[in-house]
Amino acid sequence: MSRILLLGGSGILGSEALNQLQVRNIDYVSPRSSDLDIRDKGSLTTFIADFKPNWIINCAAWTNVDGAEDSFDSALELNSVAVKNIAEVAKKFECPVIHISTDYVFDGDSSNPYSEAAPVNPVNRYGQSKVQGEIALLDAFAEGAYIIRTSWLYGATGKNFVKTMAKKALNTENARVVDDQKGSPTSARDLATGITQLIETQPKPGIYHYSNAGSCSWFELAQAIYKNAGADSNLVEPISSASLDLKAKRPRYSLLSKEKWNSAGISEIPDWESSLEILLPEILAEIRESEKL
Ligand SMILES: NC(=O)c1ccc[n+]([C@@H]2O[C@H](COP(=O)([O-])OP(=O)(O)OC[C@H]3O[C@@H](n4cnc5c(N)ncnc54)[C@H](OP(=O)(O)O)[C@@H]3O)[C@@H](O)[C@H]2O)c1
């Protein structure tokens, strides 16, 4: 019987993971950061000693990619120091950890999907902080560590690209979207389902890649959102990354190979277009409700 400590249960991925645990009647607890700050190792130790989970799912992170350029220490504290805390306490209590990482550990110079064994080389500080987190977890507790690297996450909760574009589509607004970065969108619900199935199947610990199947540019994703929302996709204009002048550089190509996940038989990975069709109506309904549209 699983007993799960879910960290970051209020975020884009965490909220879907929380739903999955509820739907499957799994015993869990998911404290907010105000109740358990994972940067505080003492509190983490007390919490885990009391609750005695037999799995930890860590969806908590610093996720502000541009903000990490100026606040690297804060990003490192959450994405690396706190992960080291989790790893050390989990090892003490012999509790396996599922930790979420990112496609931004790669530089984007490849033209083939990145395997789990491909060398990391982040092009921004967020990516650096996530690499440090992976190293911290594997150094402290490799035998109990599952690192799932994902990309372009979206869901009904929190700030994300799909929600932003869906809002623009509903308001028949123009959108200027980069067409020179290629990756795979990931439905937070699909990944959350995959996480619960990983707990059921218990494959070998290590790094796994998970994103929806297929690939697109942000521009193509935005067009698909407009189309599915019943808006004119010609309202979306392709632009170059350089014209946005963002603080953090992004990898040009961040496709992840899912061969390892698939051959471990963990879960089926749906393609990004069908998953978008499933989740977008809920996202649109949520926007209509909150914006009284
Ligand atoms: N978003 C993406 O496109 C994307 C892409 C690739 C990988 N990832 C990775 O996927 C994972 C989930 O990302 P997400 O976008 O779902 O995250 P998110 O929506 O930004 O949520 C972050 C979560 O971290 C928690 N948190 C923040 N500070 C904390 C602290 N000091 N102690 C405990 N919890 C704290 C927050 O909890 P409170 O609300 O309670 O403060 C929140 O639940 C992360 O590891 C991220 O790096 C994300």
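Computed over heavy atoms, backbone and side chain alike; hydrogens, waters and symmetry mates excluded.
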Answer yes or no: is there an ion pair linking E88 with K92, defined by an N-O contact shorter than 4.0 Å?
no
Salt bridge check, K167 against E173: does any charged N sit closer than 4.0 Å to a carboxylate O?
no
Straight-line distance of [X] [atom1] to [Y] [atom2], nearest 0.5 Å:
X	Y	atom1	atom2	value
L76	F72	CG	CZ	4.0 Å
N262	E268	CG	CD	7.5 Å
R149	D103	CZ	CG	10.0 Å
Q223	D232	CD	CG	9.5 Å
L18	I26	CG	CD1	11.0 Å
S187	W272	OG	CH2	13.0 Å

Who clusters with [X]? Use side-chain heavy atoms, under 4.5 angstrom, across I, L, V, M, F, W and Y, and order the result by chain and number.
X	answer
L256	V105, F106, Y114, V120, V131, I135, Y253, L255
I12	none
V81	none

Please list, chain by chain and in numerical order, all residues satisfying ring pair (Phe, Tyr, Trp, His ring centres under 6.0 Å) with [X], sequence neighbours excluded.
X	answer
Y226	none
W62	none
F161	W218
Y104	none

Which heavy atom of [X] sits nearest a heavy atom of [Y], and at what distance?
X	Y	value
E277	N228	CG-OD1, 3.3 Å
P31	F47	CG-CZ, 3.7 Å
V177	V236	CG2-CG1, 3.9 Å
P270	Y210	CD-OH, 3.8 Å
A166	I287	CB-CD1, 3.6 Å
S43	D40	OG-OD2, 2.6 Å

Once side-chain hydrogen bond (donor to acceptor under 3.5 Å, both in side chains) is applied, do any residues pair with [X], and if so which ones, sequence neighbours excluded?
X	answer
K258	S211
T172	none
W55	none

Are [X] and [Y] side-chain neighbours, meaning at least one heavy-atom pair lies under 4.5 Å?
X	Y	answer
I148	L198	yes
I199	I4	yes
I269	D190	no
L138	I207	yes
P185	C216	yes
Y146	P203	yes
L137	I86	no
L221	Y154	no

Shared ILVMFWY cluster between [X] and [Y], side chains joined below 4.5 angstrom?
X	Y	result
V83	I98	no
L170	L279	yes
I266	I147	no
I100	L6	yes
I38	F93	yes

Counting only heavy atoms not in E143 (residues, nucleotides, ligands), do more than 12 fall under 6.0 Å from its CD?
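For E143, atom CD is crowded (more than 12 foreign heavy atoms under 6.0 Å).
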side-chain contact (heavy atoms from CB on, under 4.5 Å), that's the test. Do W261 and S267 meet it? Break it down for me.
CA-CA 8 Å; W261 183 281; S267 71; 3.1 Å; yes
Let's go through E220 and K182 carefully: what are the C-alpha distance in whole Å and the side-chain angles of both, what is the deciding distance for salt bridge (charged side-chain N to carboxylate O under 4.0 Å, His left out) to 0.1 Å, and is it a yes or a no?
CA-CA 9 Å; E220 289 164 333; K182 198 170 175 185; over 6 Å; no
Could you tell me whether the side chains of [X] and [Y] share a donor-acceptor contact shorter than 3.5 Å?
X	Y	result
S217	D179	yes
S15	T157	yes
Q181	S241	yes

Please list all pairs passing the salt bridge (Lys or Arg N to Asp or Glu O under 4.0 Å) test where one or both residues lie in residues 16-32, with sequence neighbours left out.
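Of all non-adjacent pairs touching residues 16-32, those that pass salt bridge (Lys or Arg N to Asp or Glu O under 4.0 Å) are R3-D27, E16-R189, R24-E200.
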Evaluate the criterion side-chain contact (heavy atoms from CB on, under 4.5 Å) for residue pair T102 and Y126; output intermediate values, then yes/no.
CA-CA 10 Å; T102 171; Y126 163 74; 3.8 Å; yes
Residue pairs fulfilling side-chain hydrogen bond (donor to acceptor under 3.5 Å, both in side chains) with at least one residue in residues 63-83, sequence neighbours excluded
D66-R250, D70-K247, N79-S129
Would you confirm whether [X], through its side chain, and [Y], through its main-chain N or O, come within 3.5 Å as a donor-acceptor pair?
X	Y	result
K163	G155	no
N124	K249	yes
S184	G214	yes
N85	R39	yes

